[in-house]
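To start, the structure under review is shown below, and the notes come after it.
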Amino acid sequence: MLILGVLGLICLFGPITMTEIAMIPLFVFFFVRVINTFPIWIHGFGQPSVLVSIALLAWMGLGLIWSEDRAQGIEEMGALRWLFAIGFLFPLIEKRAILIGAMCIGIAMGQLGQVLDALNGLGIEPIASLVENHEGRIAGWWHPVVGGGILVAAMGLHIPAALWGSGRTRWVGLAGLSISAIGVLATGTRGAWGAAFLLCLIGVAFMLFVRRVPFKRIALVGAIGAVLVGVTGFVIRDSIMIRINETRAELREMETGDYSSYSGRRVRMAQEAISAFSSHPVQGVGTGAYEEWCASQSQAYGAHAHNAPLHILATLGIVGGVLWVVLMVVVLVNAYRWGTRPGASPYAMGPMLAIVGLMLASLTDCVQINAQSVAMLGVLIGLCPAYAPGAGLARGLTGSPR
């Protein structure tokens, strides 16, 4: 079963089709052994995060009643199936370190798509058919926005090892952090650039004031990382400058009242989400009905608000917003306890900062809807149960993981 879990996590970050089927062998094996593992069902699917997820899905189900786009609502509900990955990963939780390592390997292999994308200019057809085609943006087989969020989370996985680790762990963490940061830069996703910067600030503050990592070490790691990212930035400076110049032009347009640009539309989408929430503060406009709301206001936007908190408030109201916040708090508390338990390795703290990274990325993307983003979130939640096999089972959320 461990082999299936490891292979699933490695394949999770491939092209979208691979993501959808990556964990199926593990799920099938789990159900085959249901008779022998029924107690694990109780403990794995009885986690606080699962119970909150059920409450959120139940509210989304009610939201379909007043939704103007139930098909989209059902699709959004379906994306949250990944929040139940914790139950399937629970039998493997004693091998948590191996699973985290598998995720890191999977993301690194996913970045091979970026390498292939970078080689696209050579006109090699088999390579071109494997990657997304976004001129000036190197995201591999990920959509640039989705890839940017995934790689920000990957930075979070490596930050503790790079700043807190020692010996080989430290160098592996530094390499992983640098490669992930380079990948974020290459996607050309401006929201991910900002999220990565904020995550680094949060990670440094956490390691400096909570884990008491010496400032000299942090400064050294930061300097090495800055040099590597700077060199990469120089190499791909043309594509970076395109995005910077676009931002300048779009800001000037918005100053004149023209919101037709990419950034301008994002601002309008956020405004429409706020308007929808203001009009229906308790229950929202209904699950999946954001686009229909925009259409009713004579605006033509996509199916979501490109901002997870605002989209949740717009479609699910304050009830959905509170449930989402509770879910994130529960998960982050669990992740922190796993990372600070006695004898924990630096990578044990990685999932916590990875989840923080996804939450920062969610300010410019709906990570709870996009298939690959929510898959990563679900797996990260699965690696941070409130209790683990043994004595910790009886202590629940208030106990320390073993």
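Just so it is clear, the model here is predicted, and its values are computed rather than measured. Counting from 1, the numbers follow the sequence of the chain as shown.
- Between Ser362 and Asn307 there is no side-chain heavy-atom pair separated by less than 4.5 Å.
- Between Thr189 and Arg137, the side chains place a donor N or O and an acceptor N or O closer than 3.5 Å (distance only, hydrogens not considered).
- Contact annotation: the side chain of Thr364 never approaches that of Arg190 to less than 4.5 Å [non-hydrogen atoms, C-beta and beyond].
- No donor-acceptor distance shorter than 3.5 angstrom exists from the side chain of Asp117 to the backbone of Ile138, with no hydrogens or angles considered.
- Here the side chain of Arg248 pairs no donor or acceptor atom with the backbone of Asn245 at under 3.5 angstrom.
- Distance alone, capped at 3.5 Å, places no donor-acceptor pair between the Ser67 side chain and the Gly63 backbone.
- The minimum heavy-atom distance between Tyr387 and Pro48, with the atom names listed, is CE2-CD, 4.2 Å.
- Phe277 has its ring centre no less than 6.0 Å from the ring centre of Tyr290.
- We find that Arg81 and Glu20 are joined by a salt bridge, their nearest charged nitrogen and carboxylate oxygen being less than 4.0 Å apart.
- Side-chain contact between Pro309 and Trp324 is absent, with no heavy-atom pair separated by less than 4.5 Å.
- A salt bridge links Arg243 with Glu246: at least one charged nitrogen is closer than 4.0 Å to a carboxylate oxygen.
- The minimum heavy-atom distance linking Trp59 with Gln283 is given by the pair CZ2-CA, 3.7 Å.
- Taking CD1 from Ile93 and CG from Leu99, the interatomic distance works out to 6.5 Å, rounded to the nearest 0.5 Å.
- Nearest heavy atoms, Glu272 versus Cys294: CB-SG, 3.9 Å.
- Looking at Trp141, its side chain never comes within 3.5 Å of a backbone N or O of Ile16 through a donor-acceptor pair.
- A pairwise comparison of heavy atoms in Met254 and Gly264 identifies SD-CA, 3.7 Å as the closest pair.
- Counting only distance, with no hydrogens or angles, the side chain of Glu68 and the backbone of Ala289 share no donor-acceptor pair below 3.5 Å.
- Judged by distance alone, the side chain of Ser178 and the main-chain N or O of Ala175 form no donor-acceptor pair under 3.5 Å.
- Remark: Met241 CE is packed, more than 12 non-hydrogen atoms of other residues, nucleotides or ligands lying under 6.0 Å away.
- For Trp66, the CH2 atom is densely surrounded, since the number of other residues' heavy atoms within 6.0 Å is greater than 12.
- Met349 and Tyr336 make their closest contact through CE-O, 4.1 Å (heavy atoms, listed as atom of the first residue, atom of the second, distance).
- In summary, the side chains of Thr256 and Asp258 do not present any donor paired with an acceptor at a separation below 3.5 Å, with no hydrogens or angles considered.
- Note that CG of Leu323 and CD1 of Ile318 are 10.0 Å apart. Values are rounded to the nearest 0.5 Å.
- A donor-acceptor contact shorter than 3.5 Å is absent between the side chain of Arg265 and the backbone of Tyr301.
- In this structure, NE2 in His304 is found 11.5 Å from OG1 in Thr315, a value given to the nearest 0.5 Å.
- Side chain of Trp142 to main chain of Phe13: a donor-acceptor pair is present (N/O by atom type, distance under 3.5 Å, no hydrogens or angles).
- The distance from atom CD1 of Ile312 to atom CD1 of Ile369, rounded to the nearest 0.5 Å, is 8.0 Å.
- Atom CD of Glu291 is separated from atom CE of Met269 by 9.0 Å, given to the nearest 0.5 angstrom.
- Here the side chains of Gln72 and Glu292 are not in contact, with every heavy-atom distance at 4.5 Å or above.
- Residue-environment remark: OH (Tyr262) exceeds the threshold of 12 foreign heavy atoms within 6.0 Å.
- With contacts defined as side-chain heavy-atom distances shorter than 4.5 Å, the pair Gln297/Gln271 does not qualify.
- Ser49 places a side-chain heavy atom less than 4.5 Å from the side chain of Leu327.
- Between Met155 and Cys200, the shortest heavy-atom distance links the atoms CE-SG, 3.5 Å.
- To the nearest 0.5 Å, atom CG of residue Leu2 and atom CG of residue Leu92 are 6.0 Å apart.
- Annotation for Ile3: atom CD1 does not count as buried by contact number, only 12 or fewer foreign heavy atoms lying within 6.0 Å.
- One finds no salt bridge joining Glu250 and Arg266 here, because no Lys/Arg side-chain nitrogen approaches an Asp/Glu carboxylate oxygen to under 4.0 Å.
- The shortest side-chain heavy-atom distance between Trp164 and Tyr347 does not fall under the 4.5 Å cut-off.
- Counting heavy atoms from C-beta outward, Phe206 and Leu163 have side chains that stay 4.5 Å or more apart.
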